[in-house]
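To start, the structure under review is shown below, and the notes come after it.
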Amino acid sequence: MARQYTLQRAAPTGPKIDYAAELNAEQLAAVTAPPGPALIIAGAGSGKTRTLTYRVAYLIENGILPHHILLLTFTNKAAREMLDRVAALVPQPLDGLWGGTFHSIGNRILRRHPVEAGFAAGFSILDREDAVDLMDEVVVKLELDPHEKRTPKGEVFADVLSYQLNTGFSLSDVLAEKYPHFLQYRDQFALARSRYEKKKQEANALDFDDLLEKTVALFRKHPHIAEHYQRQFQFVLVDEYQDTNHLQNDFIELLSARHHNVMVVGDDAQSIYSWRGADFHNILEFPKRHAGAQVHKIETNYRSTPEILAVANAAIAPNKKQFKKALRATRAATDSRPALIPLPDSGQQAALVAQRILELHEEGMPLEEMAVLYRAHFHSMELQMELTRRGVPFEITSGLRFFEQAHIKDVSAFLKWTVNPRDEVAFKRMARLLPGIGAKSADTLWAQVGERFRSKTQEPAAPAPTEGEDPDWSVDDEPPSALAPADRATRERPETIANPWLGMPPIKDLLAGLKVPTKTVKAWEQLAYTLDELAPGGKLAPPAQMIGSVLEAVYDDYMLANFPNYEARREDLGTLANFAKQYDSPQPFLDQLALMTSLDSDAAQRKDDPERVTLSSVHQAKGLEWRAVFVIWLAEGKFPTARSLDNDAAIEEERRLFYVAVTRAKDELYLSYPCVSYSGYGDPLQRPSRFLAEIPRELLEEWQVGGVF
DNA sequence: TACGTGGCGCTTTTT
DNA sequence: GCGCCACGTA
């Protein structure tokens, strides 16, 4: 069965990269590693991204077609950055290269084989909120005892079931670990799982987990489809491997199963996402799972002063579960050690940080070169007030993401339902915007619309999952030739742009005459008319035009009536419509909305803004660096967080988090904690974090802060 | 359905 | 010390 295929070197085009000159010995070894499974342990600040991007360039330079390379990341930002950097290195176009987040790659594959995956073309993607909305519908029907004072809500169900899927743990184990007080509901959770699956099926909608899980299931059910992709992806590269979960690891293993050229890059010491299912045993045990795997360690650090690195190495040393390694500094020694700053209370902690920021700024350090890091966002409240008082501009990495804001999601609901009229979540969201329509009426309307829609389509809207193999879908052909590097799968099986309205009566007829409350009649007619405009004559309009129609017909009025900050929201929707102009059809636009977190428009916005200090949780600071870093609230119960105190594994993760914080600093590091905090709830007395006690005193310079206060 | 009041509980976050 | 949610009423 196995087909032997010999790679041909492409004729060299353009100047070659001088790898030996541009990389250090450790990086070079990883970049030029022979094929086969490889684990790259890349310490903080060691040039991990550089290594990965040069590896891709190296593969391409050695004749591997971009089409045969798969590059997996966690975030869109990382994917974009890496692809951009590769593009800058190699002369040939990278069009065929499959690079993106796990979810976007899963989506891309599923869009080509929706039916084989058990769905219909044109499926919706449910973001986290949509998934919870749908789960709420399931939970209502479970009829949990209303006399019970506390019953789990949709959010808890969604969380538990998602965590279970991502980790592969049993339901009982997940409940015991995350929600022991809900263990009695075990059976309802199991029931909710199957009902939720059914709901998604009926709605032709996939949640984020499905984008991975259904891809894995597709491959297991249709080996010939799996084989196609396994053949195609001769080289698989994975970024931030230490944060992969069970499901993502299956995804990686399946896609690389044929060629075994899987290079995973990560730092076990920076694994900080176990609470959302990441299992750093994936990285610790990679060499065991892949016999003969090469292991490369990259430990030369270009970022921090030796004094900061000494603290970092000491900080992580107590962790038992790790690959032993020590970062080596390349920078020259300085005469300053990181500062350890106890403060009488949290107000003075805020004052110290603010004052020190101003001093550094006066010494010539730009504000954007400084950051204040903390374990939890509320730890920054006092500091925010202090900075405001002193007129220090700052930027906070938290809060609602652009696409998760209500007005963005409201408007997208119109588009989503037009593209996929089976999308229950989108329909109900849209309906609830009308005056006089709440959850109950939305439910009734949905039942009627669903009924009408089904009766108007000759075939059931959901094609039953096909059994057996699709005869038209043969992938057992010759591998893509160098002369025709275009993606064969794309040519043979383009992503179907589904149009549910073809051959259907106009939308307004579908909605006309349904029973609605008297005060809703007018708005209902208007809605029907508007939706008709989104698919005039049964043809889906371009998304930018759709947004315009929705705004003009209903949503602008809605915003005026319901939001105090009408102007800002209106502006956001203008930005959205502008963004939508790049898309001819709504489907890919909606995919983008679901799979992206932010619009890069704020980068442009920030241009004319003054420089700012960054305030960030440590989690969100991963991968970033600043010249000066302040880590605040290093007190027991704050950092490490109270919930981790009685759990060794949790403490180790907190310690890794502390390590991430420390290794963000290039030149200056300040570690502080208050002895007393009158703000907030709980015991005002604070004890210094154990992480501070673990650092040899001589590595730090202790500050004694006095003064008038 | 829409709006007002009391109680509870309080990390981290990408897709 | 505050915000969110669940429950009660018009």
Quick one: CG on Asp133(A) to NZ on Lys409(A), what's the gap to the nearest 0.5 Å?
7.0 Å
Strictly under 6.0 Å, is that where the ring centroids of Tyr558(A) and Tyr555(A) end up?
yes
What is the distance, rounded to the nearest whole Å, between atom CG of Asp159(A) and atom P of dT14(B)?
15 Å
Classify Ala439(A) by what it touches in the nucleic acid, base, sugar-phosphate, or nothing, heavy-atom distance under 4.0 Å.
sugar-phosphate
On DNA chain B, more 5' by nearest nucleotide between Gly438(A) and Gln248(A) is Gly438(A)
Residue Ala376(A), side-chain heavy atoms: nucleotide from dT13(B), dT15(B), dT11(B) that is nearest:
dT11(B)
Using OP1 and OP2 only, check whether a side-chain N or O of Gln620(A) sits under 4.0 Å from dT13(B).
yes
Side-chain N or O of Ser104(A) closer than 4.0 Å to phosphate OP1/OP2 of dT15(B)
no
Once you round it to whole Å, what is the distance between P of dT13(B) and CG of Leu595(A)?
20 Å
Nucleotide nearest Thr101(A) when distance is taken to its side chain, options dT15(B), dT11(B), dT13(B)
dT15(B)
Whole-Å gap separating C1' (dT1(B)) and NZ (Lys440(A)):
12 Å
Can you tell me how far P of dC5(C) sits from CD of Glu155(A), to the nearest Å?
8 Å
Atom pair distance, as rounded to whole Å: NZ in Lys638(A) and C1' in dT11(B):
12 Å
Between Lys622(A) (NZ) and dT13(B) (C1'), how many Å, whole number?
11 Å
Can you name the one residue among Ile125(A), Leu212(A), Leu110(A), Thr215(A) that meets side chain to side chain contact (heavy atoms under 4.5 Å, CB included) with Leu206(A)?
Leu110(A)
Measuring only the P atom in each nucleotide, how far is dT11(B) from dC4(C)? A whole number of Å is fine.
14 Å
Check for me: is Trp275(A) stacked on dT12(B) by the 5.5 Å centroid and 30° plane-angle rule?
yes
If you check every side-chain atom of Lys153(A), which of dC5(C), dT11(B), dT15(B) has the closest atom?
dC5(C)
Ring centres under 6.0 angstrom apart (Tyr374(A), Trp633(A)):
no
Residue closer to the 5' end of DNA chain B, His103(A) versus Ala442(A) (nearest nucleotide)
Ala442(A)
Rounded to whole Å, how long is the line connecting atom CG of Asn245(A) with atom P of dT12(B)?
21 Å
Heavy atoms under 4.0 Å, any strand shown: does Thr75(A) hit a base, just sugar-phosphate, or nothing?
sugar-phosphate
Salt-bridge contact Lys48(A)-Asp267(A) (side-chain N to carboxylate O under 4.0 Å):
no
dT12(B) to dC5(C) separation - P atoms, rounded to the nearest Å:
15 Å
Base, sugar-phosphate, or nothing for Glu654(A), non-hydrogen atoms under 4.0 angstrom?
base
In whole Å, I'd like the distance from the CD atom of Gln270(A) to the P atom of dT13(B).
16 Å
Does His379(A) place a side-chain N or O at less than 4.0 Å from the phosphate oxygens OP1/OP2 of dT12(B)?
no
hbond_proxy Arg375(A) side chain to dT11(B) base (donor-acceptor, 3.5 Å cutoff):
no
Compare side-chain N and O positions of Ser441(A) against OP1 and OP2 of dT1(B) and report whether any pair is under 4.0 Å apart.
yes
Test the Arg112(A)-Tyr229(A) pair against the cation-pi criterion, namely NZ or CZ under 6.0 angstrom from the six-membered ring centroid and within 45° of the ring axis.
no
Is the phosphate of dT1(B), meaning OP1 or OP2, less than 4.0 Å from a side-chain N or O of Lys519(A)?
no
With respect to the phosphate group of dT15(B), does any side-chain polar atom (N or O) of Asn76(A) fall under 4.0 Å of OP1 or OP2?
yes
Tell me if a side-chain donor or acceptor on Asp268(A) pairs with a main-chain N or O of Leu284(A) at a distance below 3.5 Å.
no
Could you check whether Ile437(A) gets within reach of a base, just the sugar-phosphate, or nothing at all, counting any heavy atom under 4.0 Å?
sugar-phosphate
